[in-house]
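Heads up, the thing below is written out as structure tokens.
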Amino acid sequence: MSEYLGDLLADAAQRSRDVFHDVLSQVTPEQANWRPTPKANSIAWLAWHTARELDIQVSPLAGVEPVWITGGHRERFALPLPDDTEDWRHTPEQAAQVVVSDLGLLFSYIDDAYALAITYLRSLTPESL
């Protein structure tokens, strides 16, 4: 039963990842970084935020370091934000600092964060649930 549940949850995560890939493959970096209003978040921030939340929530459950660090994403993004930033609490000014010139950065971090989550979900046992 748990294998089925783990696969079901992993499939749901994969579908979410696929939506990000679909959207990001249809925009330029300028479009991904665009914010329709000063208080709105960009597609780049939303993609980064989703990957970041998966990473910082699943890595402790899986007993591993965040892929933000182990995958070298911190250095490649080079954001002027602390590593322990709670991005769900970002002000519009902080969210505006998440800017990418290469969409490959987002694809890479999304893929790594989702891989972490999917691997973890597939490892769940009835006892761990």
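Predicted model, so just to flag it, every value in this text is computed and none were measured. The chain is numbered in sequence order, starting from 1.
- Of all non-hydrogen atoms in Gln31 and Gln26, the two that sit nearest each other are OE1-O, 4.2 Å.
- With sequence neighbours left out, Leu103 forms a side chain to side chain contact (heavy atoms under 4.5 Å, CB included) with Leu24, Val27, Pro29, Ala32, Val100, Leu106, Phe107.
- Using a 4.5 Å heavy-atom cutoff, the side chains of Gln97 and Leu79 are not in contact.
- Under a hydrophobic-cluster definition in which Ile, Leu, Val, Met, Phe, Trp and Tyr are linked whenever side-chain heavy atoms come within less than 4.5 Å, directly or via other members, Ile43 and Leu81 are assigned to the same cluster.
- Classification of the Trp48-Trp45 ring pair by plane angle, with boundaries at 30° and 60°, yields tilted.
- In this structure, NE2 on His73 lies 9.0 Å from CG on Leu105, to the nearest 0.5 angstrom.
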Donor-acceptor pairs under 3.5 angstrom involving side-chain atoms of residues 55-66: please list them, not counting sequence neighbours.
{"unit_1": "Asp55", "atom_1": "OD1", "unit_2": "Val67", "atom_2": "N", "d": "2.8"}
{"unit_1": "Asp55", "atom_1": "OD2", "unit_2": "Val67", "atom_2": "N", "d": "3.3"}
{"unit_1": "Asp55", "atom_1": "OD2", "unit_2": "Trp68", "atom_2": "N", "d": "2.7"}
{"unit_1": "Asp55", "atom_1": "OD2", "unit_2": "Tyr109", "atom_2": "OH", "d": "2.8"}
{"unit_1": "Gln57", "atom_1": "NE2", "unit_2": "Glu53", "atom_2": "OE1", "d": "2.7"}
{"unit_1": "Ser59", "atom_1": "OG", "unit_2": "Asp55", "atom_2": "O", "d": "2.7"}

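- Scanning all heavy atoms of the two residues, the minimum distance from Leu54 to Ala117 falls at CD2-CB, 3.9 Å.
- The cluster map of Ile, Leu, Val, Met, Phe, Trp and Tyr, joined by side-chain heavy atoms under 4.5 Å apart, puts Tyr114 and Ile69 in the same cluster.
- Cluster annotation: Leu46 and Val99 are assigned to distinct hydrophobic clusters (Ile/Leu/Val/Met/Phe/Trp/Tyr, side-chain heavy-atom contacts under 4.5 Å, transitive).
- At least one side-chain heavy atom of Arg15 sits under 4.5 Å from a side-chain heavy atom of Asp11.
- How far CD1 of Ile110 is from NE2 of His21: 6.0 Å, rounded to the nearest 0.5 Å.
- Rounded to the nearest 0.5 angstrom, Leu116 CG and Asp111 CG are separated by 12.5 Å.
- Residues Gly71 and Arg76 share a closest heavy-atom pair of O-NH2, 2.9 Å.
- Ser25 contributes a side-chain N or O that, together with a main-chain N or O of Asp22, makes up a donor-acceptor pair within less than 3.5 Å.
- Closest heavy-atom contact between Arg122 and Ala10: NE-CB, 3.7 Å.
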